[in-house]
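In what follows, a single structure is set out as structure tokens and then discussed.
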There are 2 protein chains.
Amino acid sequence: MSISPYKPEYFMKQALKEAEMALAKDEIPIGAVVVLKDQIIARAHNLTESLNDVTAHAEMQAITSAADFLGGKYLDECTLYVTLEPCVMCAGALAWAQLGSLVFGARDQRKRKEEIDRIGIYHPKTKIEGGLMEEECAGILKTFFETKR
Amino acid sequence: MSISPYKPEYFMKQALKEAEMALAKDEIPIGAVVVLKDQIIARAHNLTESLNDVTAHAEMQAITSAADFLGGKYLDECTLYVTLEPCVMCAGALAWAQLGSLVFGARDQRKRKEEIDRIGIYHPKTKIEGGLMEEECAGILKTFFETKR
């Protein structure tokens, strides 16, 4: 069975490729792509260590890059694919961007998640799907943290 | 009475100067400075319109700039002065930065504030003080929004 470039799995694979690039730099392996009408308009991976910058999460860079490509701040027609469920900072940024759709891979295990979900950080119009290719997305993180112990 | 450069009001005045720079660019007037041992190591103001980037809040740029100055990601010995209470995105970023102290001017009026406070987005070690020079900090925002109506 061939993979169509238009399936969500195709785009998550591209996000995973970004995560692999982060891993190669000894960064926590998280990757993201922004898709508009089946076209990838931005790619990014976590660079917090390389840039000495806590704000350099994959999603933050992807938002900036996509907005730059579009020449506008809002990503309401875009889908962001990211290998890990966004943190509070990134969720807040995606809300400001009025993101159209969010698809994430691995689920965040932090205990505050339910409460954060409940207060609704995301933009009310953003469609959210979690757990796509969860095993692969979580696997690369697990491998990274095992080597750090 | 002279203003000592070491009083919180001095630093908030510097953050207000940044807000005025934003205003001059027709940006929502919010400014921030990062202080380490009574020295301003970063200055920034909101540039979301100029940069077409929802992540270009004053605090985000101040964090990046301060970390660049320090050559390290963490701001645990720093105080960030900002003219408006941080949004969820910025609060999340300040948590990642393990900010030492936060001093903000105007209070955010959004209805979710209490809930966000309750779940504790900020780093547990960050000391938080709100309402410093609140009138001036809120005033510049009020003026801006009045001209937009």
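Throughout, a chain's letter reflects where its sequence line sits, starting with A, and its residues are numbered from 1.
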Are M21(A) and V34(A) connected, step by step, through hydrophobic side chains (Ile, Leu, Val, Met, Phe, Trp, Tyr) whose heavy atoms are closer than 4.5 Å?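 M21(A) does not cluster with V34(A).
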Do other residues, nucleotides or ligands put more than 12 heavy atoms under 6.0 Å from the CD atom of E146(A)?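 Enclosed: over 12 neighbouring heavy atoms sit under 6.0 Å from CD of E146(A).
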Please check if atom NZ in K25(B) has more than 12 non-hydrogen atoms from other residues, nucleotides or ligands closer than 6.0 Å.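 More than 12 heavy atoms, drawn from other residues, nucleotides or ligands, come within 6.0 Å of this atom.
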I'd like to check the side chain to side chain donor-acceptor pair (under 3.5 Å) partners of D26(A); sequence neighbours left out, ordered by chain and number.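 Expected list: K148(A).
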Counting heavy-atom pairs under 4.5 Å to chain A, which of A66(B), C90(B), G71(B) comes out on top?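 Option with the top pair count is G71(B).
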So which residues of residues 40-59 of chain B are in contact with chain A at a heavy-atom cut-off of under 4.5 Å?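 Heavy-atom contacts from residues 40-59 of chain B to chain A are T48(B), E49(B), N52(B), D53(B), V54(B), T55(B), H57(B).
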Taking all non-hydrogen atoms of both residues, which atom of A93(B) and which atom of M89(A) are closest, and how far apart?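 Scanning both residues, the minimum pair turns out to be CB-SD, 3.4 Å.
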